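Below is a structure I'd like to ask you about.
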Amino acid sequence: MTIIKSEKEIQIIKEGGKILATVVKELEKMAKPGITTLELDRAAEALILSFGGKPAFKGYDGFPYSLCASVNENIVHGFPSDYVLKNGDILKLDLGVLYNGYNTDMAITVAVGEVSFEAKRLMNVTKKSLRLGIKKAKIGNTIGDIGNTVGRFIEDQGFGVVRDLCGHGIGKNVHEDPKIPNFGKRGTGEKLAEGMVICIEPMVTMGDWQIKRSKDGYGYQTKDDSLSAHFEHTLAITKNGPVVLTEID
Ligand code: MG
């Protein structure tokens with residue numbers, strides 16, 4: 001069941017979202033060749049705590065870290081490790097903050113050093129598909145309108161849309177109803193209503209969209225080992241249109 005949030009609750013989520021966006025920005029700066037993803041995880045946790053938040057993913061569904069760090073063919077839920085980032089990697093950072101009882105969730109893909117032209121294009125298309133999806137998050141539209149816009153744009157650019165994983169509602173729990181797929185038919189699915197807080201998170205592949213478990217046994221990667229990108233924002237549906245909550249003004 002979709003839980004509608006009050007303006008007051010959305011305000012709290014926005015404060016948490018600011019903390020999250022600030023931490024993600026710091027991690028983005030740190031993600032250079034030579035650093036390990038475990039070092040990024042430690043930094044993420046320390047920063048979140050310093051701002052009065054808690055790492056939302058730690059202990060969630062058995063996940064032992066604060067940060068999901070997924071490199072190249074790995075898409076989401078990657079375990080941070082002693083892997084040393086190298087020039088040309090593309091790194092997905094997915095992080096959640098629990099603040100005053102409410103969660104926020106955000107992901108970016110970072111180019112480590114100089115990356116290939118195609119990798120850059122994959123990242124740009126994924127980021128743009130998220131922006132297009134957010135624009136559709138208006139009262140009266142449906143979940144299918146978001147998925148249709150996101151998915152069609154990605155496929156028109158020649159990339160694959162991951163089917164098995166999707167966005168979600170968020171609030172007191174990291175994952176709430178409804179599910180927000182990155183594909184779909186216009187006008188289908190639940191209607192978007194004022195006070196819904198959702199995460200839109202396109203996961204995009206350079207090759208086939210099919211996925212399998214990552215080598216760490218927890219995360220997911222592309223089945224064909226092609227590169228993947230992921231961007232995510234938490235947003236509220238308001239009478240003034242979509243309001244992104246995981247941004248720094
Ligand atoms: Mg999410």
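Start at 1 with the first residue, then count along the sequence. Computed from a prediction, not measured in an experiment: that's the story for all the values here. Ligands are counted one by one from 1 in listed order, and the atoms in each one are counted from 1 as well.
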Does CG belonging to D156 count more than 12 external heavy atoms closer than 6.0 Å? yes

Is the centre of the Y99 ring less than 6.0 Å from the centre of the F51 ring?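 No.
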
N/O/S atom name from E201 that is nearest to the position of the Mg ion (ligand 1):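 In E201, the N, O or S atom with the shortest distance to the Mg ion (ligand 1) is OE2.
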
Side chains of D89 and Y83, donor plus acceptor under 3.5 Å: yes

R163 side chain to Q210 main-chain N or O, any donor-acceptor pair under 3.5 Å? no

Short check: any N/O/S atom of H175 below 2.8 Å from the Mg ion (ligand 1)?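 False for H175.
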
Can you tell me if D94 has an N, O or S atom under 2.8 Å away from the Mg ion (ligand 1)? no

Among the N/O/S atoms of E232, which is closest to the Mg ion (ligand 1)? Give the atom name.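 For E232, the N, O or S atom at the smallest distance from the Mg ion (ligand 1) is OE2.
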
What about F57 and Y65, are their ring centers closer than 6.0 Å? no

Identify, by name, the N, O or S atom of D105 lying closest to the Mg ion (ligand 1).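 The closest N, O or S atom of D105 to the Mg ion (ligand 1) is OD2.
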
